[in-house]
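Take a look at the structure below.
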Amino acid sequence: NLSKRLEGIFNNLGGQGRLTEEDVNAALREVRLALIEADVNLKVARQFVDRVKEKAIGADVMGSLSPAQQVLSIVNEELVEVLGGVEGDNKLNLGGTPPQIIMLVGLQGSGKTTTAAKLANYLRKQGQRPLLVAADMYRPAAVNQLKSLGRQLTIPVYSEAAGADPVEICVNSLDYAREQANTVVILDTAGRLNIDERMMNEVINIRDRLHPREVLLVADAMTGQEAVHVASDFNQAVSLTGMILTKMDGDARGGAALSIRTVTGVPVKFMGVGEKTDALEPFYPDRLASRILG
Amino acid sequence: VQETDTITDSLWDELEESLLGADVGPSTTLWLIERLRQRVSDENLQTGSQVQYALREELSTLLGKSSSLRFSKQSPLTVILVIGVNGSGKTTTIAKMAYRLSQEGHQVMLAAGDTFRAAAIDQLQEWGNRIQVPVISQKPNSDPGAVVFDALQAAQSRGSDVLIVDTAGRLHTKFNLMEELKKINKIIQKFVPDGPHELLMVIDATTGQNALLQARKFAEDIGLTGVVITKLDSTAKGGFAFAVADDLGVPIKFIGTGEKVENLMPFEPQNFVAALFA
Ligand SMILES: Nc1nc2c(ncn2[C@@H]2O[C@H](COP(=O)(O)OP(=O)(O)OP(=O)(O)O)[C@@H](O)[C@H]2O)c(=O)[nH]1
Ligand SMILES: Nc1nc2c(ncn2[C@@H]2O[C@H](COP(=O)(O)OP(=O)(O)OP(=O)(O)O)[C@@H](O)[C@H]2O)c(=O)[nH]1
Ligand SMILES: [Mg+2]
Ligand SMILES: [Mg+2]
């Protein structure tokens with residue numbers, strides 16, 4: 001793992017009272033490798049390492065820490081800061097006149113429908129009256145999937161018959177939410193590619209018509225190098241307010257989160273940690289940082 | 001972009017970047033670059049184009065020869081077990097394969113082996129209706145092994161020659177779920193002497209280095225005879241394919257290129273390598 005590799009590096013270089021540029025360069029090569037193994041985007045990894053380099057060179061080797069531990073602690077601190085970011089931006093913003101709208105978007109199979117149900121469950125525990133909206137009219141049995149989850153949770157699901165247009169479904173759901181006094185509306189949209197112009201226009205239209213308070217990118221923790229391009233395209237189209245990293249109960253390192261955060265500034269708001277409807281956790285930057293570093 | 005075609009340090013940097021950017025992974029990329037440097041000196045390669053050509057050769061070698069679906073030689077029924085992590089595209093891929101095999105004249109049957117996820121059975125049944133292929137299923141939350149056994153019997157009595165078994169998505173790190181899969185595999189092995197004839201793992205092209213961990217664990221726990229890489233219509237290149245094919249000796253058999261039933265193509269190593277640099 002990374003700390004062993006760094007120890008190995010510093011054992012080969014002389015122990016000093018300060019970290020020299022040579023020490024730091026050797027160590028940061030290992031850090032960059034660890035980040036790329038963790039699926040952090042190449043350019044993001046390079047930028048990150050450059051920032052750490054500035055902080056590390058000339059840093060005093062603190063009394064009780066080995067040079068390797070010193071570099072690692074600077075790296076960890078920087079990573080937590082980037083991931084954790086501004087106070088409060090990892091929380092859901094649902095203040096204001098109800099019903100507030102949360103829109104979920106993302107690539108095919110990332111976990112949107114399951115996450116919609118998890119969010120509804122979470123928000124109900126917080127005293128909200130959520131309404132789930134089945135806006136995926138493409139995938140076979142997608143509406144049934146959300147309805148089935150809604151039944152399990154006894155949370156209402158708004159849906160329309162086959163042939164209905166997803167944009168109109170979302171618009172209609174808002175009227176329904178007002179009638180039913182729901183306080184939060186969660187829009188589950190179809191999986192789509194960021195390069196599919198027609199499908200991207202669909203979510204742009206939904207956003208323009210409904211002004212959702214939160215637009216969350218649901219991203220698979222195991223996403224590779226393309227995470228950056230996917231997130232930037234979605235961000236450009238619908239102005240993301242946050243992301244949810246799913247399948248964090250596996251062993252994917254989750255470097256995509258660093259890439260997305262760095263390039264789009266979008267904060268992680270939740271993590272999906274299982275298939276059940278209670279498997280949603282708030283985001284802990286320090287935990288994700290150690291996981292990415294391996 | 002280079003002015004001349006000589007082999008410079010920046011050429012090696014560019015190659016490294018394009019490989020890493022395609023999710024080929026650091027250890028495979030390092031191996032490839034070292035191998036190419038060796039070939040440059042051994043074969044006295046002079047130009048960047050020659051290095052590019054050599055790279056494509058090395059990549060093709062890692063992938064192995066193209067390999068098609070393996071049918072039963074002993075029993076009249078071929079059984080294909082489809083596995084993989086959550087959301088990778090298993091159910092959709094099964095519909096595509098069933099469609100293709102029906103078009104080729106086979107009598108296909110499907111087993112709704114995902115009895116856990118909301119509307120998983122509905123999803124496969126809807127596909128079955130669309131492509132007119134029978135689907136064997138039981139109630140949600142029934143034992144997947146029982147459904148598979150049911151389907152094996154139905155396929156046999158109906159005279160189907162291909163049974164494709166859908167399974168629930170599962171993370172390879174989940175002990176109980178991997179044990180469940182081993183059990184399903186045993187049921188098929190007992191019923192069909194040389195089955196399952198294909199243990200196809202479905203992997204999402206947008207996956208990063210975790211793909212290798214997934215494939216290794218599935219291979220270790222129940223064995224793999226082939227891989228399907230889905231969602232190659234995205235911008236992802238699926239570069240993990242090289243490490244998976246080479247490391248595990250398992251061929252990539254098909255690729256998924258969209259959400260429609262026709263969007264399944266046999267894997268062509270040459271095309272895949274060319275697309276890496278497109
Ligand atoms: N282990 C695990 N599985 C998850 C998690 N979130 C979702 N899943 C599973 O991932 C698979 C895909 O989830 P869906 O909710 O259908 O994904 P989706 O984004 O709605 O898919 P599309 O609508 O087709 O784009 C299902 O098998 C879910 O049970 C998670 O946090 N952990
Ligand atoms: N663009 C694209 N989407 C695909 C492809 N293959 C599958 N999908 C989509 O990916 C999503 C998940 O597909 P499923 O077939 O439900 O995946 P799965 O592996 O069966 O999912 P679980 O059973 O929940 O684990 C759906 O929205 C599919 O339409 C492909 O080749 N390209
Ligand atoms: Mg969905
Ligand atoms: Mg499925």
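The structure displayed is predicted, hence computed values, not measured ones.
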The salt bridge (charged side-chain N to carboxylate O under 4.0 Å, His left out) partners of B:Lys217 (sequence neighbours excluded) come to B:Asp221
Can you name the salt bridge (charged side-chain N to carboxylate O under 4.0 Å, His left out) partners of B:Arg56, sequence neighbours left out?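 Partners of B:Arg56 under the salt bridge (charged side-chain N to carboxylate O under 4.0 Å, His left out) test: none.
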Are more than 12 heavy atoms from other residues, nucleotides or ligands located less than 6.0 Å from atom [atom1] of [X]?
| X | atom1 | result |
| --- | --- | --- |
| A:Lys125 | NZ | yes |
| A:Gln236 | CD | no |
| A:Glu197 | CD | no |
| B:Lys253 | NZ | yes |
| B:Lys182 | NZ | yes |

For [X], is it the side chain, the backbone, both, or neither that has a heavy atom closer than 4.5 Å to a heavy atom of chain B?
| X | answer |
| --- | --- |
| A:Arg139 | side chain |
| A:Arg192 | neither |
| A:Asp249 | both |

Separation of [Y] [atom2] from [X] [atom1] (nearest 0.5 Å):
| X | Y | atom1 | atom2 | value |
| --- | --- | --- | --- | --- |
| B:Asn86 | A:Ser110 | CG | OG | 12.0 Å |
| A:Leu107 | B:Lys231 | CG | NZ | 8.0 Å |
| B:Ser234 | A:Asp196 | OG | CG | 12.0 Å |
| B:Ser27 | A:Glu37 | OG | CD | 8.0 Å |

Identify which of A:Gln108, A:Arg253, A:Lys147 forms the greatest number of heavy-atom pairs closer than 4.5 Å to chain B. A:Gln108
Among A:Ala141, A:Gly255, A:Pro140, which residue has the highest count of heavy-atom pairs closer than 4.5 Å to chain B?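 Of A:Ala141, A:Gly255, A:Pro140, A:Pro140 has the most heavy-atom pairs under 4.5 Å with chain B.
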Report, by ascending residue number, the residues of residues 126-136 of chain B in heavy-atom contact with chain A at a distance under 4.5 Å; give 'none' if the set is empty.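 Under the 4.5 Å heavy-atom cut-off, B:Glu126, B:Trp127, B:Arg130 qualify.
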For B:Ala118 and A:Ser148, work out which heavy atoms get closest and say how close. CB-OG, 3.5 Å
Restricting to non-hydrogen atoms, name the atom on B:Pro26 and the atom on A:Leu33 that form the minimum distance, rounded to 0.1 Å.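 Closest pair (atom of B:Pro26, atom of A:Leu33, distance): CB-CD1, 3.5 Å.
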Applying side-chain contact (heavy atoms from CB on, under 4.5 Å) to B:Thr206 and A:Asp220, what does each step give before you reach the verdict? CA-CA 9 Å; B:Thr206 67; A:Asp220 199 321; over 6 Å; no
In residues 150-164 of chain A, what donor-acceptor pairs under 3.5 Å come from side-chain atoms, sequence neighbours left out?
| residue | atom | partner | partner atom | Å |
| --- | --- | --- | --- | --- |
| A:Tyr158 | OH | A:Glu160 | OE2 | 2.6 |
| A:Glu160 | OE2 | A:Asn172 | ND2 | 2.7 |

Between [X] and [Y]: side-chain donor-acceptor atoms closer than 3.5 Å:
| X | Y | result |
| --- | --- | --- |
| B:Asn210 | A:Asp39 | no |
| A:Glu226 | B:Thr235 | yes |
| B:Gln123 | A:Gln145 | no |

Part of [X] lying under 4.5 Å from any heavy atom of chain A:
| X | result |
| --- | --- |
| B:Gln214 | side chain |
| B:Phe240 | neither |
| B:Lys174 | side chain |
| B:Leu213 | side chain |

If you count heavy-atom pairs under 4.5 Å with chain A, which of B:Thr92, B:Asp122, B:Leu124, B:Thr91 comes out on top? B:Asp122
Quick check: does any side chain N or O of B:Asp23 sit under 3.5 Å from a backbone N or O of A:Gln225, one acting as donor and the other as acceptor? yes
List the steps, then state whether side-chain contact (heavy atoms from CB on, under 4.5 Å) holds for B:Val85 with A:Lys247. CA-CA 10 Å; B:Val85 306; A:Lys247 308 176 203 172; 6.0 Å; no
Before giving the answer on side-chain contact (heavy atoms from CB on, under 4.5 Å), spell out for B:Thr207 and A:Thr223 the whole-Å C-alpha distance, their side-chain angles and the decisive distance to 0.1 Å. CA-CA 5 Å; B:Thr207 312; A:Thr223 311; over 6 Å; no
May I ask you to say whether A:Glu275 pairs ionically with B:Arg170, meaning some side-chain N is under 4.0 Å from a carboxylate O? no
State, with a plain yes or no, whether a side-chain heavy atom of A:Met222 is found less than 4.5 Å away from one of B:Asp204. no
